[in-house]
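For reference, the structure is listed below as structure tokens.
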Amino acid sequence: MTDELKELGEHIAASIDSDIRGVKTAFGELTVEARADRIIPVMQFLRDDTLCRFLVLIDLCGVDYPERSQRFDVVYHLLSLHNNLRIRVKACVGEGEAIASVTPIYP
């Protein structure tokens, strides 16, 4: 599974490099670090790309890191039933900042 996730991470990074801060695989999980201002194109790509097909938003949550200047992580967990894969997408936002809703993509 790790090789499959690594290849998927490389595909995502090559396809939407300007929209993300990075991709990493740790503990058998793939994490895509998205730019907060580009969350809509990132999520749309992950849903529509034929190699990704992450059609299900499983979970959406937030994490607070008070010591950071951009103290909040908005975290999305996506599922591709077609590929039997789950990934995590993170976007950092600061206090008082907003991030676009993904409900147009995942109603």
**Closest heavy-atom pair and its distance - Ser80, Cys52** = OG-O, 3.1 Å

**Request:** Grab the two heavy atoms, one from Phe72 and one from Glu95, that are nearest each other, plus how far apart they are.
**Result:** CE1-CA, 3.9 Å

**Item:** From CD (Glu4) to OG1 (Thr25), nearest 0.5 Å
**Value:** 11.0 Å

**Asked** From Asp64 CG over to Glu67 CD, what is the distance, rounded to the nearest 0.5 angstrom?
**Response** 8.5 Å

**Prompt:** side-chain contact (heavy atoms from CB on, under 4.5 Å) between Leu85 and Phe54: does it pass, once the steps are laid out?
**Reply:** CA-CA 8 Å; Leu85 291 174; Phe54 289 98; 4.2 Å; yes

**Prompt:** Going by heavy atoms in the side chains, are Asp17 and Ser15 under 4.5 Å from each other?
**Reply:** no

**Which atom of Tyr106 lies closest to which atom of Arg47, heavy atoms considered** = OH-CB, 3.6 Å

**Asked** How far apart are the C-alpha atoms of Val89 and Met43, what are their side-chain angles, what is the distance that settles it, and do they pass the side-chain contact (heavy atoms from CB on, under 4.5 Å) test?
**Response** CA-CA 9 Å; Val89 179; Met43 298 298 266; 4.2 Å; yes

**Prompt:** Measuring from Leu30:CG to Glu10:CD, what's the distance to the nearest 0.5 Å?
**Reply:** 10.5 Å

**Prompt:** Are Leu57 and Leu55 linked, directly or through other ILVMFWY residues, by side chains that come within less than 4.5 angstrom of each other?
**Reply:** no

**Fill in**
Nearest heavy-atom approach of Asp19 to Pro41 is OD2-CB, 3.9 Å

**Item:** Separation between OG1 of Thr31 and CG of Leu5, rounded to the nearest 0.5 Å
**Value:** 9.5 Å

**Spacing of CD belonging to Glu97 relative to CD belonging to Gln70, to within rounding of 0.5 Å** = 5.5 Å

**Prompt:** Quick one: do Val75 and Val102 end up in the same hydrophobic cluster if we chain Ile, Leu, Val, Met, Phe, Trp and Tyr together by side-chain heavy atoms under 4.5 Å apart?
**Reply:** no

**Message:** Determine whether Ile16 and Arg35 satisfy the following criterion, side-chain contact (heavy atoms from CB on, under 4.5 Å), listing intermediate values before the conclusion.
**Reply:** CA-CA 11 Å; Ile16 57 172; Arg35 291 181 29 208; over 6 Å; no

**Prompt:** Do Tyr76 and Arg88 touch side chain to side chain, with heavy atoms closer than 4.5 Å?
**Reply:** no

**Asked** Which heavy-atom pair separates Val93 from Ala36 by the least distance, and what is that distance?
**Response** CG1-CB, 3.7 Å

**Prompt:** Does Leu78 share a hydrophobic cluster with Leu60, counting links as ILVMFWY side-chain heavy atoms below 4.5 Å and allowing steps through other members?
**Reply:** yes

**Nearest non-hydrogen partners of Ile105 and Gln44, listed with the distance** = CD1-N, 3.8 Å

**Prompt:** Can you find a heavy atom in the side chain of Glu29 that is under 4.5 Å from one in the side chain of Arg86?
**Reply:** no

**Item:** Minimum side-chain heavy-atom gap His11-Asp49 below 4.5 Å
**Value:** yes

**Message:** Just verifying a value: how many Å separate Glu33 CD and Arg21 CZ, rounded to the nearest 0.5 Å?
**Reply:** 8.5 Å

**Request:** Decide whether Leu79 and Leu46 are clustered together by the hydrophobic rule: side chain heavy atoms of Ile, Leu, Val, Met, Phe, Trp, Tyr closer than 4.5 Å, transitively.
**Result:** no

**Prompt:** Is there a donor-acceptor pair under 3.5 Å between the side chain of Asn83 and the backbone N or O of Leu51?
**Reply:** yes

**Message:** If hydrophobic clusters are built from ILVMFWY residues whose side chains come within less than 4.5 Å, do Ile39 and Val56 share one?
**Reply:** no

